[in-house]
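A short write-up of the structure that comes next.
Counting begins at 1 with the first residue of the sequence.
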Amino acid sequence: MGKSDFLTPKAIANRIKSKGLQKLRWYCQMCQKQCRDENGFKCHCMSESHQRQLLLASENPQQFMDYFSEEFRNDFLELLRRRFGTKRVHNNIVYNEYISHREHIHMNATQWETLTDFTKWLGREGLCKVDETPKGWYIQYIDRDPETIRRQLELEKKKKQDLDDEEKTAKFIEEQVRRGLEGKEQVTNITFNLNKGACSSAGATSSKSGSLGPSALKTLGSTASVKRKESSQSSAQSKEKKKKKSALDEIMEIEEEKKRTARTDYWLQPEIIVKIITKKLGEKYHKKKGIVKEVIDKYTAVVKMIDSGDKLKLDQTHLETVIPAPGKRILVLNGGYRGNEGTLESINEKTFSATIVIETGPLKGRRVEGIQYEDISKLA
């Protein structure tokens, strides 16, 4: 075999070495070439191509430094956004993951000398929230994507509506309690008036006793007392029935309000069909549908695309629910009926809501109206 043979032990060893990361001091950022040892780096520096790159850089060194700095910043922030989202994380963890990529931009070619300087610069520019601790610097990405901001505003609006609903429920309960207390006072007043009427009727019969006989007086008194007892018993029974009925209705209404206001800011569930709404993944995935295969930390999902079979890890802000045709199966994602499967009965396009029939759980067969589009999604 010749020295340049592809299968020689030396050629195989060189390929194995070139796969991993090499020492930074033997890397030329201008030529973007990684040398394996000091001798190779020395030969590269003496080469004609390297000399030409140095001449180009010497004409406008600031332009090259700005270019490398911008590339480093963009790649670093993109990794932070995709890998960690808006979580607070140590800057060294992000940097170690960034430099694990073989073709990354080295920091010694940028305007920042150390990782601490770069972290402070991110904080000054408002790109990240940074704070220093005894364990080092921590960073948190600030997502300024218009779609994310719109979603956050919608969530805040929903939370405000939920708080308003809770306040209305509390006022409703206070009003019912006040009415109940007033009803008790009226009942006591009515009993007092009945007793007073009985006394006056007794006085009238005594005044007429002179003209009527004793037998007539006995019959009149007995009939009057029987009528009063019957009327008082019937009125008391009717009031008790009304009270029982109204109390039951109040409890049912309060439970319904609790179910409607039991909302969370996460909605992802396995085996539902979702649609990708972000444009950052390119036209290949924009407005395409997929199936949620796994939910990670409540807010992130592993989505398998229906048409291509690709698997993507996406945040829920980059996804939206899919409303099927009437008669198809759906899953409730938020609210009091969360986790129940059902059937879509009809859609109200004016109010952006739907009517469904619950098919599982203790509420099976219940018909629910006014379910918002974002609270249900088609089942796979």
Side-chain angles (χ1 to χ4, degrees), residues 148-194 232-269 298-299 316-317 320-321 323 330-377:
T148 306
I149 295 172
R150 180 178 61 81
R151 291 271 181 173
Q152 289 176 352
L153 291 174
E154 288 179 357
L155 288 174
E156 290 176 0
K157 187 177 179 181
K158 286 181 181 178
K159 287 180 181 178
K160 188 176 180 182
Q161 288 178 353
D162 294 341
L163 291 174
D164 293 341
D165 292 339
E166 290 178 1
E167 291 177 359
K168 288 179 182 178
T169 306
K171 288 181 180 178
F172 173 75
I173 294 171
E174 291 178 1
E175 183 68 18
Q176 293 298 321
V177 171
R178 185 180 63 78
R179 288 181 182 178
L181 294 174
E182 289 179 356
K184 287 181 180 179
E185 292 176 359
Q186 290 178 1
V187 170
T188 54
N189 291 332
I190 289 167
T191 54
F192 178 75
N193 290 333
L194 286 172
S232 61
Q233 287 177 359
S234 62
S235 62
Q237 288 176 359
S238 63
K239 284 176 183 177
E240 286 178 1
K241 286 180 180 179
K242 286 182 180 178
K243 281 185 180 180
K244 287 180 180 178
K245 187 178 179 181
S246 62
L248 184 60
D249 291 341
E250 288 173 12
I251 293 170
M252 290 179 67
E253 288 177 0
I254 291 168
E255 290 297 325
E256 288 293 331
E257 286 293 331
K258 285 182 179 178
K259 286 181 179 180
R260 289 175 185 171
T261 55
R263 301 183 61 84
T264 58
D265 58 347
Y266 56 89
W267 54 269
L268 289 172
Q269 294 287 343
K298 298 181 181 179
Y299 301 93
Q316 69 174 10
T317 56
E320 70 175 6
T321 58
I323 307 300
I330 54 93
L331 181 70
V332 183
L333 307 176
N334 216 334
Y337 305 100
R338 178 187 179 93
N340 288 323
E341 296 181 10
T343 304
L344 181 65
E345 187 175 282
S346 62
I347 297 172
N348 190 340
E349 295 181 356
K350 292 182 179 179
T351 59
F352 301 102
S353 62
T355 301
I356 64 171
V357 177
I358 304 297
E359 299 291 345
T360 59
L363 302 175
K364 184 177 180 181
R366 175 173 289 189
R367 186 171 179 270
V368 183
E369 298 180 354
I371 296 286
Q372 298 297 316
Y373 284 169
E374 59 266 22
D375 291 345
I376 59 174
S377 191

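- In this structure, CG on Asp265 lies 3.5 Å from OH on Tyr299, to the nearest 0.5 angstrom.
- For Glu320, the salt bridge (Lys or Arg N to Asp or Glu O under 4.0 Å) test picks out no residue, with sequence neighbours left out.
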| said: Is there a side-chain contact (heavy atoms from CB on, under 4.5 Å) between Thr264 and Lys298? Walk through the geometry before answering. | reply: CA-CA 10 Å; Thr264 58; Lys298 298 181 181 179; over 6 Å; no
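- Partner of Asn340 under the side chain to side chain contact (heavy atoms under 4.5 Å, CB included) criterion, out of Ile358, Ile330, Leu331, Ile356: Ile358 alone.
- Interatomic distance, Thr317 OG1 to Glu154 CD, rounded to the nearest 0.5 Å: 11.5 Å.
- To the nearest 0.5 Å, atom CD of residue Gln316 and atom CG of residue Leu333 are 10.5 Å apart.
- Remark: Thr351 engages Asn348, Ser353 in a side-chain hydrogen bond (donor to acceptor under 3.5 Å, both in side chains) (not counting sequence neighbours).
- To the nearest 0.5 angstrom, Glu174 atom CD is 11.0 Å from Thr169 atom OG1.
- The CD1 atom of Ile371 sits 7.0 Å away from the OH atom of Tyr337 when rounded to the nearest 0.5 Å.
- In terms of the side-chain hydrogen bond (donor to acceptor under 3.5 Å, both in side chains) criterion, residue partners of Glu341 (sequence neighbours excluded) are, by chain and number, Arg329.
- Glu349 and Tyr373 get closest at one heavy-atom pair: CA-OH, 3.8 Å.
- Here Gln372 contributes atom CD and Thr321 contributes atom OG1; the two are 10.5 Å apart, rounded to the nearest 0.5 Å.
- Residue Glu175 places its CD atom among more than 12 non-hydrogen atoms of other residues, nucleotides or ligands, all under 6.0 Å distant.
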